[in-house]
Amino acid sequence: MRLTLSACPPFSLSAVVRSHGWADLLPFGRDAGTGELTRVERLASGRVVEMFVQEEASGVSVEVHDRLSGAEHEEVAHKVEWMLGLSQDFSAFYALAREESRLAYVEEGARGRILRSSTLFEDVVKTILTTNTRWTGTIRMVKALVSQFGTSLPADPTRRAFPTPDQLAATDERTLRSATRLGYRAPYMLELARSVTASTLDLEALKTAGIPTTQLRKRLLALKGVGDYAAANLLILLGRYDFVPVDSWAIKMVSHEWHSGEPVGRAEIEAAFERWGEWKGLAYWFWDWSYEGEE
DNA sequence: GGTAGACCTGGACGC
DNA sequence: GCGTCCAGGTCTACC
């Protein structure tokens with residue numbers, strides 16, 4: 001099955017893939033040579049398929065090496081549209097960015113879209129797994145979760161989809177800790193998965209919730225393991241850019257960019273991007289930092 | 001509302 | 001090979 005999807009211009013698949021590290025986390029994959037993005041996905045029907053996404057003239061093509069039903073076809077299209085943010089329009093952000101040399105490149109490079117997972121559940125799990133650990137630790141923990149609990153791709157059982165809330169909710173903390181080395185994050189994962197499974201939490205509804213960003217942020221902060229940084233990060237994935245995800249990297253960058261290396265706090269980070277208003281988070285995300293750190 | 005300490009893990013480092 | 005230290009956000013208890 002092959003389908004083509006159009007994107008709101010300007011669009012660049014490689015820009016979405018390079019927007020952050022999500023493409024390095026299973027069940028995403030990529031071909032360095034062709035720039036193709038792949039993903040093992042479990043559909044609502046329970047079938048597990050692999051998607052091959054390639055850039056086309058006005059958007060992307062999606063190929064699945066299976067025959068799909070009409071509903072499955074529609075589901076694949078809907079999920080790819082969400083993951084790549086194909087309908088997102090950044091013209092207002094670009095108009096502001098043209099006046100700032102550190103962001104002058106964003107429009108020409110079609111930057112702005114940030115790769116998302118197909119479900120907010122997966123993005124919340126992955127975001128929690130970025131906290132209080134190094135990136136290599138995040139990769140390891142996500143890999144362990146997928147390989148231990150995800151459903152196999154029939155054509156290649158070594159490859160698996162991201163586990164569903166049901167699949168994670170069915171395990172216990174002891175197993176989760178020993179099988180995935182999530183450490184203290186294990187109970188957070190379990191509580192999240194069990195809340196979704198029990199329908200006491202409708203995470204996916206937050207994708208389209210027409211509520212103010214501050215309320216959306218409160219909902220995210222109510223999740224165990226989601227603090228200020230994780231909530232701001234998730235808001236950006238949801239297309240809300242009113243908050244800056246302040247982590248140790250942001251502190252280091254702002255310190256060297258505007259404070260001569262002197263220690264700064266959350267207030268200084270927020271102040272540094274205050275003028276970008278509703279685009280604050282995106283301005284931070286794509287800021288062309290002159291300081292690259294000691295590494 | 002602000003702050004200190006605990007939470008876990010893997011990697012770096014010294015011996 | 002072993003022990004120690006460190007980085008990385010969030011939570012909880014306490015003030």
Side-chain angles (χ1 to χ4, degrees), chain A residues 20-22 24-26 114 116-117 120-149 163 168 171-196 200-201 203 206 213-238 240-257 259 261-273 280-281 284-285 287 289 291-295:
Chain A
H20 61 148
W22 253 215
D24 294 328
L25 298 178
L26 293 175
I114 293 165
R116 312 187 260 216
S117 305
L120 185 56
F121 172 73
E122 183 179 330
D123 276 336
V124 171
V125 168
K126 286 179 171 174
T127 299
I128 291 174
L129 297 186
T130 66
T131 62
N132 210 22
T133 187
R134 297 167 198 274
W135 182 241
T136 52
T138 302
I139 292 174
R140 175 190 58 76
M141 288 186 274
V142 171
K143 185 179 178 184
L145 268 183
V146 170
S147 62
Q148 294 291 326
F149 300 101
L168 286 184
T171 187
D172 57 78
E173 186 181 328
R174 195 173 159 189
T175 306
L176 199 54
R177 279 180 184 261
S178 61
T180 61
R181 315 296 290 168
L182 293 188
Y184 67 89
R185 304 170 193 83
Y188 300 161
M189 292 304 126
L190 270 187
E191 187 176 323
L192 183 74
R194 288 175 178 165
S195 299
V196 173
T200 55
L201 172 66
L203 268 186
L206 297 183
T213 305
T214 49
Q215 280 186 37
L216 192 52
R217 179 171 176 268
K218 274 186 186 169
R219 300 262 191 99
L220 294 169
L221 286 172
L223 305 174
K224 280 280 180 62
V226 175
D228 287 333
Y229 159 77
N233 204 65
L234 286 164
L235 284 173
I236 287 177
L237 291 178
L238 289 168
R240 311 284 188 109
Y241 312 112
D242 314 50
F243 293 87
V244 177
V246 179
D247 60 2
S248 55
W249 172 257
I251 290 170
K252 187 193 282 186
M253 289 300 107
V254 170
S255 165
H256 284 82
E257 186 88 356
H259 297 273
E262 292 298 311
V264 298
R266 173 175 300 279
E268 284 83 2
I269 310 289
E270 293 287 344
F273 289 94
K280 203 188 288 181
Y284 162 73
W285 197 284
W287 195 261
W289 303 98
Y291 176 71
E292 295 297 337
E294 288 84 18
E295 297 81 10

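Residue numbering restarts at 1 for every chain, and letters A, B, ... go by the order of the sequence lines. Just so you know, these numbers come straight off a predicted model, no measurement behind them.
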How does each nucleotide of nucleotides 3-12 of chain B score, in 5' to 3' order, for protein heavy atoms under 4.0 Å: base (B), sugar-phosphate only (S), or none (-)? ----BSSB--

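- Within the model, atoms CG of A:L120 and CG of A:L206 stand 6.0 Å from one another, a figure rounded to the nearest 0.5 Å.
- Not counting sequence neighbours, the partners of A:R266 by the side-chain contact (heavy atoms from CB on, under 4.5 Å) test are A:D228, A:V246, A:E270.
- Residues passing the side-chain contact (heavy atoms from CB on, under 4.5 Å) test with A:T136, sequence neighbours excluded: A:R134.
- Between the C1' atom of C:dT10 and the CG atom of A:L129 lies a distance of 13 Å, rounded to the nearest Å.
- Among residues two or more places apart in sequence or in another chain, the side-chain hydrogen bond (donor to acceptor under 3.5 Å, both in side chains) test is passed with A:T175 by A:D172.
- Evaluation of the salt bridge (charged side-chain N to carboxylate O under 4.0 Å, His left out) rule for A:R177 yields A:E173 as partners, not counting sequence neighbours.
- Atom CZ in A:R266 sits roughly 14 Å away from atom C1' in B:dG1 (whole-Å rounding).
- Each end of the helix from B:dG1-C:dC15 to B:dC15-C:dG1 gets its own axis, taken as the rotation carrying the C1' atoms of four end pairs onto the next four within a five-pair window, and the two axes meet at 30° to the nearest 10 degrees.
- For A:T131 and C:dT10, the shortest distance from a side-chain N or O to OP1 or OP2 is not below 4.0 Å.
- For A:R240, the salt bridge (charged side-chain N to carboxylate O under 4.0 Å, His left out) criterion is met by no residue, not counting sequence neighbours.
- Between A:D228 atom CG and B:dG2 atom C1' the separation is 13 Å, expressed in whole Å.
- Taking 4.0 angstrom as the limit, A:K224 places a side-chain polar atom (N or O) nearer than this to OP1 or OP2 of C:dT12.
- Checked against salt bridge (charged side-chain N to carboxylate O under 4.0 Å, His left out), A:K218 has no partners two or more places apart in sequence or in another chain.
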Between the protein and nucleotides 13-15 of chain C, are there any N/O to N/O pairs under 3.5 Å, and if so, what are the atom names and distances?
none

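- Using a 4.0 Å heavy-atom criterion, one finds that A:L221 contacts no nucleic acid atom at all.
- Qualifying salt bridge (charged side-chain N to carboxylate O under 4.0 Å, His left out) partners for A:D247, counting only residues two or more places apart in sequence or in other chains: none.
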Identify every side-chain donor-acceptor pair in residues 181-190 of chain A under 3.5 Å, counting partners at least two apart or on other chains, and give the distances.
| from | atom 1 | to | atom 2 | distance (Å) |
| --- | --- | --- | --- | --- |
| A:Y184 | OH | A:N132 | ND2 | 3.0 |
| A:R185 | NE | A:T131 | O | 3.3 |
| A:R185 | NH1 | A:L182 | O | 3.0 |
| A:R185 | NH2 | A:T131 | O | 3.2 |
| A:R185 | NH2 | A:N132 | O | 3.0 |

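- Atom CZ of A:R219 has 12 or fewer heavy atoms from other residues, nucleotides or ligands within 6.0 Å.
- Protein atom CG of A:L220 is 12 Å distant from nucleotide atom P of C:dC11, rounded to whole Å.
- In terms of the ring-ring contact (aromatic ring centres under 6.0 Å, His included) criterion, residue partners of A:H20 (sequence neighbours excluded) are, by chain and number, A:W22, A:W285.
- Distance A:D247 CG to C:dT10 C1': 13 Å, rounded to the nearest Å.
- Straight-line distance from the CG atom of A:N233 to the P atom of C:dG8: 16 Å, rounded to whole Å.
- Looking at which nucleotide of DNA chain C each of A:T130 and A:L223 is closest to, the 5′-most match is held by A:T130.
- Counting any heavy atom pair closer than 4.0 Å across all strands shown, A:A230 reaches sugar-phosphate atoms only and no base atom.
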